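Below is one structure; the comments refer to it alone.
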Amino acid sequence: CYFPPLPVIEIRFCVPVCPPRPGGPEGDHGSSQTVALLERDRVIEALKQKLQTKEKEVDNLFQRNSHLVREVWYLTDVVQHLNQKLAELEADKQELREKIRSLLNRRPALAQVEQEATSEVENVYNKLLELQGNIRVFCRCRKSSASSCLEKTDDQEVVVVQKGSRKKFQFDKVYSPSSTQEDVFAGTLPVITSCVDGYNVCILAYGQTGSGKTYTMMGSKENPGVGMGTVVTRLKSNAHFGALFFLRCHTLWILRRASLDIRVLGKSVSVPGLTRVEVRTEADILTVMEMGEKNWKIASTKMNIQSSRSHLVVALEVEGSDEVSGLTSRGMLTLCDLAGSERISKTEAEGQRLVEAAAINKSLTALGQVFSALKCNAIHCCMFVNVSPDAKDAVETLSTLQFGSTIRQVALGKATQNVAPAKNRNTK
Ligand SMILES: Nc1ncnc2c1ncn2[C@@H]1O[C@H](COP(=O)(O)OP(=O)(O)OP(=O)(O)O)[C@@H](O)[C@H]1O
């Protein structure tokens with residue numbers, strides 16, 4: 001307890017006493033004594049009042065003192081509490097510093113663990129792809145308002161209903177007319193992603209004219225397909241590698257038995273029909289695509305040919321580099337928008353069209369033979385068979401689905417990864 005010293009108040013009483021005047025009359029002496037007494041009473045009264053005032057002041061000071069004493073107690077408590085909190089915070093700070101130090105020390109080890117886990121997942125993932133078969137065949141049905149000859153029974157089965165008969169086809173995935181570009185991209189993503197792991201990947205679209213091959217592969221600006229822009233953007237966002245490079249982009253249009261020389265970005269080509277462009281940024285790729293498409297339109301108009309009369313091949317070389325393991329991997333992503341697969345009789349082709357149609361059918365037959373004979377060991381392949389659900393297209397649809405089924409029976413050899421230790425990028 002803290003009691004400050006009380007103020008000491010000293011009160012002195014001074015009462016003036018008048019001595020009797022020598023030789024003065026008795027009456028005078030009496031009245032002067034009375035005056036003196038009265039004066040003394042007045043002084044006493046004044047002093048009493050002063051005393052009372054001082055007593056009040058003392059009371060006030062006492063009250064103020066006890067208030068201050070309480071305040072001191074309270075503030076002492078607050079200071080004690082704050083000191084305790086400060087000590088606790090200081091201890092926490094030390095503990096956190098220790099934790100950060102130990103995490104920093106363990107960081108390389110954690111990165112190693114993470115890298116190992118990622119590699120393990122990739123291995124399992126690519127093994128799974130191998131087990132599923134390196135060729136995946138997807139069926140996509142175009143939208144149509146006409147009466148339909150197709151029934152999608154489940155995610156992997158489609159039935160063609162024609163003249164009362166029902167023919168079933170199984171695929172790795174069947175996309176109904178209501179499937180979006182996003183759904184389709186999600187289906188191809190596992191295959192596309194393996195390109196970053198150093199596998200060669202090929203995506204093809206096969207089907208009759210107007211069945212949605214270009215829509216699936218390239219799409220439109222609003223609804224991009226499994227095309228370059230989308231692939232590039234999404235490959236980049238899905239890349240688990242420290243760095244991902246797009247090395248070169250090749251575009252090739254094959255018309256009849258010759259390949260067409262399309263100049264991209266004004267560069268002449270060293271190999272007929274093949275344009276080789278160094279791609280440094282994603283914007284470069286889009287420019288290449290846009291320029292290529294523009295040049296293709298000009299060339300095709302001049303030569304009076306339609307997109308459906310030629311095969312379009314776009315190949316993209318990708319290099320991924322893993323900063324932790326120091327490995328680099330190279331993969332090639334090839335996108336093929338094949339020429340229309342319709343029969344000659346259907347298109348009633350004649351003259352040059354007939355020659356084209358014959359060449360197309362020959363090349364598509366060759367493609368089927370290539371798939372059957374292929375024992376290539378460095379490729380993951382994803383093929384879209386695009387079909388029209390229109391009843392009038394039932395024969396073409398049957399033929400396309402039959403082609404897809406045959407391709408699906410083919411199992412490619414085990415795909416191999418193109419991985420090499422990192423080298424100095426500047427020397428490339
Ligand atoms: N799933 C779909 N959803 C909406 N529209 C589609 C779909 N598939 C195709 N289309 C539309 O149908 C039309 C024909 O499609 P597309 O040009 O892709 O066919 P194609 O098979 O490439 O033809 P061709 O062999 O003549 O080049 C286009 O206008 C396209 O936008």
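Note that the structure is a prediction, hence the values are computed from the model and not measured. Note that ligands are numbered from 1 as they come in the structure, with each ligand's atoms numbered from 1 the same way.
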Given R140, M217, Q181, K213, which has its nearest heavy atom closest to atom 21 (O) of ligand 1?
K213
Six-ring centre of F171, K173 cation under 6.0 angstrom, axis tolerance 45°:
no
So T180 and D183, side-chain hydrogen bond (donor to acceptor under 3.5 Å, both in side chains) or not? Walk me through it.
CA-CA 5 Å; T180 62; D183 299 334; 3.1 Å; yes
R142: numbered ligand 1 atoms lying under 4.0 Å from its heavy atoms:
7 (C), 8 (N), 9 (C), 12 (O)
For ligand 1, find out whether one of its N or O atoms is nearer than 3.5 Å to an N or O atom of G212.
yes
The side-chain contact (heavy atoms from CB on, under 4.5 Å) partner of P389 among S144, S211, S147 is S144
Heteroatom distance test (G210, ligand 1): nitrogen or oxygen, under 3.5 angstrom
yes
Is there a nitrogen or oxygen of T216 sitting under 3.5 Å from a nitrogen or oxygen of ligand 1?
no
Contact check, S211 vs ligand 1, heavy-atom distance below 4.0 Å:
yes
On the six-membered ring of Y215, is K213 placed so that its NZ or CZ lies under 6.0 angstrom from the centre and within 45° of the ring axis?
no
Could you point out which residue of L150, T216, D390 forms a side-chain contact (heavy atoms from CB on, under 4.5 Å) with R142?
D390
Parallel, tilted or perpendicular: which describes the rings of Y206 and F403, with under 30° parallel and over 60° perpendicular?
parallel
Would you check whether Y215 has a nitrogen or oxygen atom less than 3.5 angstrom from a nitrogen or oxygen atom of ligand 1?
yes
Polar contact flag, side-chain donor to acceptor under 3.5 angstrom, Q170-Q156:
no
Just jot down the ligand 1 atoms closer than 4.0 angstrom to any heavy atom of Q208, in number order.
21 (O)
Under 4.0 Å to a heavy atom of T214 - the qualifying atoms of ligand 1, by number
18 (O), 20 (P), 22 (O), 27 (O)
